[in-house]
Amino acid sequence: MDKAYNHKDVEEKLYNFWEKSGYFKPDSDTKKQPYSMVLPPPNVTGTLHIGHALMLVIQDILIRYHRMKGFRTLWVPGTDHAAIATQSKVEGILYKEEEKTRFDLGREEFLKRVEAFAQTSHDTIVNQIRRIGASVDWEREAYTLDTERNFAVRTAFVRMFQDGLIYRGDTIVNWDPKMKTTVSDDEIEWKEEQVPFYYLQYGPFVIATARPETKFGDKYVVMHPKDSRYLKYKHGEKIEVEWINGKVTATIIKDDAVDMKFGTGVMTITPWHDRTDFEIATRHTLDMEQVIDFNAQLLPIAGDLAGQHIKKARPLIVERLREKGLVVKVDEKYVHRIAINYRGGGVIEPQIKKQWMVNVNKSFTMQHSSMQGIKDGDSVTLKQLMKHAVSSGQIAITPQHFIKTYYHWIDNLRDWCISRQIWYGHRIPVWYKGEKMHVGTDAPEGEGWEQDQDTLDTWFSSGLWTFSTLGWPKETKDLRDFHPTSVLETGYDILFFWVARMILMSTYLLGEVPFRQVLLHGLVRDANKQKMSKSKGNVIDPLEISEKYGTDALRIALIYSTAAGNDIPMSEDKVRGMKFFANKLWNIGRFIEMKRGDLSADDVQAVENIWELRNFATHETDKEIIEEAEKLIEGVTEHIASFRLHEAAQLLYQFVWHTFADTYIEDVKTRLDAKSYVVLHSLFLQQLRLLHPFMPFITEEIYQTLPGKKSIPSLMIAPWPTVAELPHNA
RNA sequence: GGAGCUAUAGCUCAGCUGGUUAGAGCGUUUCAUUGACAUUGAAAAGGUCAGUGGUUCGAGUCCACUUAGCUCCACCA
């Protein structure tokens with residue numbers, strides 16, 4: 001063995017060796033118990049960051065452990081087209097490099113650009129996944145927007161439509177005038193901004209607003225029914241008021257959505273551009289009028305200000321109100337929260353628009369269910385399904401406290417808007433011809449049909465991921481063998497976006513849970529507990545780190561000292577420490593290799609089973625180390641089985657370095673004979689196996705380099721150590 | 001407004017179902033060694049486990065309250 005471990009020479013070589021040997025594919029022995037996972041597909045918007053590395057490492061540890069345990073493991077890789085995120089990225093580049101918008105190129109040409117970008121990203125990402133050492137089955141790689149997944153999406157849409165769960169209707173949506181699309185509530189980022197807050201005279205009332213540009217059409221004035229200050233005004237009463245562009249007739253509305261303590265307790269409403277106002281207007285069947293168009297410009301209702309962008313119009317309106325003496329007071333220090341599309345950066349302007357929606361509260365008849373507690377023919381809602389899957393214990397969530405958060409989210413869930421006015425994504429499988437509409441997996445026969453222009457929310461397709469990757473809606477063998485999947489491991493930040501939607505889709509479409517266990521990890525932060533971001537310049541690039549210290553050092557550093565679900569402070573120091581550990585491991589290997597030569601005992605065989613090793617113990621310390629090693633095996637196994645990977649890693653680190661190397665080797669090195677050599681060598685091989693899921697490259701390299709016959713060609717498929725002989729039928 | 005998390009050594013964190021003297025990494029101090037490994041070894045200093053009260057034979061661990069920090073959800077015109 002070389003004096004130092006050189007990860008650069010080893011990693012690529014070993015990964016190719018593993019892949020070529022077919023170890024990433026499920027074992028052909030179908031009698032083995034299956035263990036399956038899908039990789040949360042990274043967005044094809046660029047490159048992988050350290051959070052992705054963490055996710056890959058945790059999942060790879062689980063997969064490698066179960067593979068060695070004798071399960072028939074499958075880990076399906078893939079990438080996500082991330083509709084709006086990818087499109088917005090390409091639009092940004094397009095504008096920067098050519099000063100063009102997507103409308104300049106047209107749908108077809110623009111999509112070609114996006115696809116080219118996505119392909120490049122995809123290639124980078126795949127390469128990065130390999131570098132981390134992830135033992136995924138590349139033959140089953142999927143893309144959320146490929147042909148097979150598109151068929152799954154269309155099938156799902158049609159099924160939901162036929163069950164009356166998808167409808168098209170006028171709703172108030174979050175409109176991004178910059179990207180020209182709706183975005184979901186979850187895609188909004190709130191930003192605080194200090195703006196002037198205007199108190200305006202509105203007839204006998206004073207109303208308050210931060211957005212005077214929406215106020216042109218306001219003809220309803222709303223107050224709380226119990227507000228003693230305004231009891232003399234009756235619901236439905238009409239009054240004449242002087243307003244921005246002259247006199248209007250206002251109607252008094254009483255509604256308890258009004259907060260009596262806020263402002264003056266009176267407000268005028270703009271139902272077309274505000275969710276709360278929209279809801280009030282819906283309750284009292286009031287008129288709704290659009291004031292701002294989809295480019296964020298004022299409509300003719302604004303009189304001579306029509307056509308102005310709202311940002312420019314605001315000061316002009318305030319000026320006019322001032323002239324008319326309608327401005328009572330201005331609070332300059334008001335903190336207003338504005339909604340921003342966090343994918344594209346546009347300021348959200350609520351609008352009423354026709355959208356495709358999923359009704360989460362509508363009862364439908366369950367066609368097929370293999371879930372406990374829900375039978376075929378039961379009447380349920382999607383919300384109930386989502387809740388039931390977890391409350392019945394058919395899906396476990398680790399850490400447990402996220403269960404409460406999950407329920408809380410479901411309770412507050414509104415209908416899910418699934419249409420997007422962007423081009424990159426799954427086109428909605430609906431066709432129109434005059435007044436006629438066709439909903440189906442394929443275009444209808446005949447001339448003149450035109451497909452809906454909108455595409456689907458990206459989460460609609462990723463919601464199908466656990467089974468669309470296995471071939472659904474075809475009844476494939478993979479689907480039978482590997483669904484429900486065993487574990488879904490992902491960051492807690494997408495519990496709602498993604499995990500909840502997978503539960504919705506799987507319980508509804510398949511009548512079974514998508515996975516039995518949800519395992520959530522935290523955010524990787526920098527050494528100062530700051531979120532990593534490009535603008536802060538504190539981003540740690542996983543590939544750079546793995547290049548410098550070795551992938552194994554990065555892997556174990558990522559999971560070493562943090563409990564599941566907690567955020568992880570990451571520093572280079574930590575990785576460096578783990579590189580030292582890798583070096584220690586390497587040198588134990590060198591020592592063992594060297595001593596075998598000293599003993600000129602090339603026929604000394606390693607003992608496979610630890611319980612047979614006691615026959616070779618000649619000293620008290622030999623017995624002790626065997627006992628300790630047994631405890632290690634039990635401890636590591638138990639910790640991994642309970643998802644305490646950090647505990648398992650800590651046990652291994654302590655044992656290998658401080659018990660095995662510092663204590664036992666120091667003791668045995670002066671009295672080494674053929675018998676104690678067997679103990680030394682065999683125990684080390686056990687440790688390599690236990691460490692292999694955590695540090696696959698160096699353990700495999702040492703294993704391959706150590707002298708002696710190998711009955712097993714790779715650590716990847718070596719049996720996981722146990723402390724006692726198992727009955728043969730187990 | 002609603003919900004959740006965190007508080008343990010100088011720093012970053014472990015501590016699973018309550019059970020001897022509370023652990024690790026990094027950092028600090030002292031000593032040793034070119035021996036598989038200076039990417040080393042031996043040792044040391046450093047903690048009223050945020051505070052108060054409770055349950056218990058026994059609490060870092062369970063319960064209540066207080067304080068401080070963080071996060072998520074909803075959202076006020």
Side-chain angles (χ1 to χ4, degrees), chain A residues 1 3-5 185-186 190 197-200 207-212 214-215 218 221-223 257-270 273-277 280 334-337 339 399 401-414 492-493 495-496 522-523 525-529 531 549-550 553 557 560-595 598 635 638-639 641-644 646-651 653-654 657-658 661-663 665-666 669-670:
Chain A
M1 284 166 83
K3 189 161 161 98
Y5 170 65
D185 292 347
D186 310 306
W190 293 89
F197 194 55
Y198 303 98
Y199 287 80
L200 307 173
I207 60 150
T209 183
R211 300 201 54 200
T214 63
K215 295 286 163 199
D218 287 8
V221 58
V222 191
M223 56 214 79
V258 177
D259 180 357
M260 288 187 269
K261 287 187 229 88
F262 186 86
T264 57
V266 185
M267 64 178 188
T268 60
I269 56 168
T270 314
H273 301 290
D274 184 282
R275 187 184 295 276
T276 311
D277 294 1
I280 292 171
Y334 180 74
V335 178
H336 185 62
R337 296 186 62 192
H401 71 258
F402 282 106
I403 292 175
K404 269 191 193 169
T405 324
Y406 176 79
Y407 291 149
H408 192 251
W409 179 80
I410 292 179
D411 289 341
N412 292 307
L413 188 63
R414 281 193 289 248
Y492 65 70
D493 51 330
L495 178 62
F496 308 136
L523 243 57
R525 294 169 182 274
D526 75 1
N528 301 316
K529 296 175 97 174
K531 254 189 196 177
Y549 301 101
Y560 187 72
S561 62
T562 313
N566 288 353
D567 288 354
I568 299 160
M570 190 64 198
S571 64
E572 256 193 73
D573 267 359
K574 208 150 136 185
V575 187
R576 203 190 46 188
M578 288 304 160
K579 185 189 159 70
F580 297 164
F581 176 59
N583 176 66
K584 177 55 86 174
L585 205 59
W586 183 254
N587 277 293
I588 296 170
R590 284 180 70 205
F591 178 75
I592 287 170
E593 179 196 44
M594 193 190 79
K595 287 299 174 187
D598 288 3
E638 213 180 298
H639 284 313
S642 321
F643 306 114
R644 291 188 299 266
H646 62 295
E647 289 281 346
Q650 283 175 32
L651 274 187
Y653 181 98
Q654 289 305 314
W657 200 323
H658 302 300
D662 290 347
T663 311
I665 291 183
E666 289 305 321
K669 80 198 315 186
T670 51

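Letters go in sequence order (proteins before strands), and every chain restarts at 1. This is a predicted model, so every value here is computed, not measured.
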Euclidean distance for [atom1], [N] against [M] (whole angstrom):
N: B:G27; M: B:G46; atom1: C1'; value: 12 Å
N: B:U21; M: B:C49; atom1: P; value: 14 Å
N: B:A45; M: B:U29; atom1: P; value: 16 Å
N: B:U6; M: B:A22; atom1: P; value: 23 Å
N: B:C62; M: B:A7; atom1: P; value: 11 Å
N: B:A9; M: B:A14; atom1: P; value: 12 Å
N: B:G25; M: B:U20; atom1: C1'; value: 26 Å
N: B:G51; M: B:U67; atom1: P; value: 16 Å

When both hydrogen-bonding distances must be under 3.5 Å and the geometry is Watson-Crick or G-U wobble, what is [N] paired with, if anything?
N: B:U56; value: none
N: B:C13; value: B:G23
N: B:A36; value: none
N: B:C70; value: B:G4
N: B:U28; value: B:A44
N: B:U61; value: none

Of the nucleotides [options], which one has an atom closest to the side chain of [X]?
X: A:Phe580; options: B:C72, B:U40, B:C13; value: B:U40
X: A:His639; options: B:C76, B:C26, B:C16; value: B:C16
X: A:Glu666; options: B:A14, B:C37, B:G25; value: B:C37
X: A:Met267; options: B:A24, B:A77, B:C26; value: B:A77
X: A:Trp657; options: B:U40, B:A77, B:C73; value: B:U40
X: A:Asn583; options: B:C76, B:U39, B:C75; value: B:U39
X: A:Ile665; options: B:A24, B:A36, B:G2; value: B:A36
X: A:Lys584; options: B:A14, B:C37, B:C75; value: B:C37
X: A:Lys3; options: B:A14, B:C37, B:C26; value: B:C37
X: A:Phe262; options: B:A74, B:A77, B:C16; value: B:A77

Side-chain donor or acceptor of [X] paired with backbone N/O of [Y] under 3.5 Å:
X: A:Arg576; Y: A:Tyr549; value: no
X: A:Lys574; Y: A:Pro569; value: yes
X: A:Thr270; Y: A:Asp218; value: no
X: A:Asn587; Y: A:Asn583; value: yes

**Request:** Would you indicate, yes or no, if B:A77 has its OP1 or OP2 atom less than 4.0 angstrom from a side-chain nitrogen or oxygen of A:Thr268?
**Result:** no

**Item:** OP1 or OP2 of B:C73 under 4.0 Å from side-chain N/O of A:Arg414
**Value:** no

Sugar-phosphate, base or nothing in reach of [X], heavy atoms under 4.0 Å:
X: A:Tyr560; answer: sugar-phosphate
X: A:Trp190; answer: base
X: A:Tyr334; answer: sugar-phosphate
X: A:Phe402; answer: nothing
X: A:Asp259; answer: base
X: A:Arg337; answer: base
X: A:Val222; answer: nothing
X: A:Phe581; answer: nothing
X: A:Gly265; answer: base
X: A:Asp662; answer: sugar-phosphate
X: A:Ser642; answer: nothing
X: A:Ala208; answer: base
X: A:Thr276; answer: sugar-phosphate
X: A:His658; answer: sugar-phosphate

**Asked** Is there side-chain contact between A:Lys584 and A:Asp662, with heavy atoms separated by less than 4.5 Å?
**Response** yes

**Prompt:** Can you find a heavy atom in the side chain of A:Met223 that is under 4.5 Å from one in the side chain of A:Val266?
**Reply:** yes

Any protein N or O atoms within reach of nucleotides 4-9 of chain B? Criterion: under 3.5 Å, listing atom names and distances.
from, atom 1, to, atom 2, distance (Å)
B:G4, OP1, A:Lys404, NZ, 3.4

**Request:** Look at the aromatic rings of A:Tyr653 and A:Phe581 and report parallel, tilted or perpendicular, splitting at 30° and 60°.
**Result:** tilted

**Asked** Counting only heavy atoms not in A:Glu638, do more than 12 fall under 6.0 Å of its CD?
**Response** no

**Request:** Could you say whether A:Thr562 or A:Arg525 is positioned toward the 5' end of RNA chain B, judged by the nucleotide with the nearest heavy atom to each?
**Result:** A:Thr562

**Request:** Please figure out whether A:Thr663 or A:Arg590 has its closest RNA chain B nucleotide nearer the 5' end.
**Result:** A:Arg590

**Item:** Residue of the set A:Thr214, A:Asp274, A:Ile280, A:Val258 for which side chain to side chain contact (heavy atoms under 4.5 Å, CB included) holds with A:Ile269
**Value:** A:Ile280

**A:Pro399 versus A:Ala564, closest heavy-atom pair with distance** = CG-O, 3.5 Å

